[in-house]
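Heads up, the thing below is written out as structure tokens.
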Amino acid sequence: MKSREPTEFEQRVYAATRRIPKGCVTTYKKLAREIGCGSNQAVGQALKRNPFAPEVPCHRVVKTDRTLGGFHGQTQGKEITRKTRMLREEGVVLDGAGRVPTEHVFAY
DNA sequence: GACATGACCCGCG
DNA sequence: CCGCGGGCCATGT
């Protein structure tokens, strides 16, 4: 196993994710659109690989339906609960359906 | 170079 | 409302 540097595509994703202000979240779709990628899934792939942990707030990235999505490689489980708590600490409160209010969604 | 996987999205029934 | 299938892009084997 040989460690490799992030590809240009990954760097693009990290750069955009890093721009997300505290107390705000963004969707994979908008993010993909911003970096010029037609596949939102590819963006998620890069975030899951996220080597720049707290520097790149991947926990501020949610799905298009404003659900949390995944975290630390898991779509559901303990890590997701942790993600929710982090957002709440930053000022983001989820509604009864477990979704993030549109007001917190940051538009590029 | 081909095949398989994935923190996704959209349309249809 | 819920479930199923197809699509799109990048990465790893």
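Residue numbers begin at 1 in each chain, while the letters A, B, ... track the order of the sequences.
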Worksheet item: Are I35(A) and L47(A) joined in one hydrophobic group, where the rule is that I, L, V, M, F, W and Y side chains link up if heavy atoms are under 4.5 Å apart?
Response: yes
Discussion item. Quick check on the hydrophobic clustering: are F52(A) and L31(A) connected, directly or via other members, by side-chain heavy-atom contacts under 4.5 Å?
Written reply: yes
Quick check: does any side chain N or O of [X] sit under 3.5 Å from a backbone N or O of [Y], one acting as donor and the other as acceptor?
X: R66(A); Y: V100(A); value: yes
X: N50(A); Y: V56(A); value: yes
X: Y28(A); Y: G69(A); value: no
X: K48(A); Y: H72(A); value: no
X: T67(A); Y: K63(A); value: no
X: Q11(A); Y: P6(A); value: yes

Starting at [atom1] of [X] and ending at [atom2] of [N], how long is that distance when rounded to a whole Å?
X: F9(A); N: dC9(C); atom1: CZ; atom2: P; result: 10 Å
X: Q11(A); N: dA10(C); atom1: CD; atom2: P; result: 15 Å
X: N50(A); N: dA10(C); atom1: CG; atom2: P; result: 19 Å
X: K48(A); N: dT11(C); atom1: NZ; atom2: P; result: 12 Å
X: E10(A); N: dT11(C); atom1: CD; atom2: C1'; result: 8 Å
X: I80(A); N: dA7(B); atom1: CD1; atom2: P; result: 10 Å

Fill in: Of residues 24-34 of chain A, the positions that come close to DNA chain B - non-hydrogen atoms, cut-off under 4.0 Å
Y28(A), K29(A)
Response to the item:
In numerical order, the residues of residues 59-75 of chain A whose heavy atoms come under 4.0 Å of DNA chain B are K63(A), T64(A), G70(A), G73(A), T75(A)
Discussion item. According to salt bridge (Lys or Arg N to Asp or Glu O under 4.0 Å), who are the partners of E90(A), at least two apart in sequence or on a separate chain?
Written reply: R60(A)
Worksheet item: By salt bridge (Lys or Arg N to Asp or Glu O under 4.0 Å), which residues pair with E8(A), not counting sequence neighbours?
Response: none
Item to complete: Any chance you could list the contact pattern along nucleotides 3-8 of chain C? Use B for base contacts, S for sugar-phosphate-only contacts and - for none, protein heavy atoms under 4.0 Å, 5' to 3'.
Response: -----B
Practice prompt. Provide the full list of ring pair (Phe, Tyr, Trp, His ring centres under 6.0 Å) pairs with a residue in residues 84-108 of chain A, sequence neighbours left out, each pair given once.
Written response: F106(A)-Y108(A)
Worksheet entry | OP1 or OP2 of dA10(C) under 4.0 Å from side-chain N/O of T7(A) | no
Practice prompt. Would you mind telling me which of dA7(B), dC9(C), dT11(C) lies closest to the side-chain atoms of C37(A)?
Written response: dC9(C)
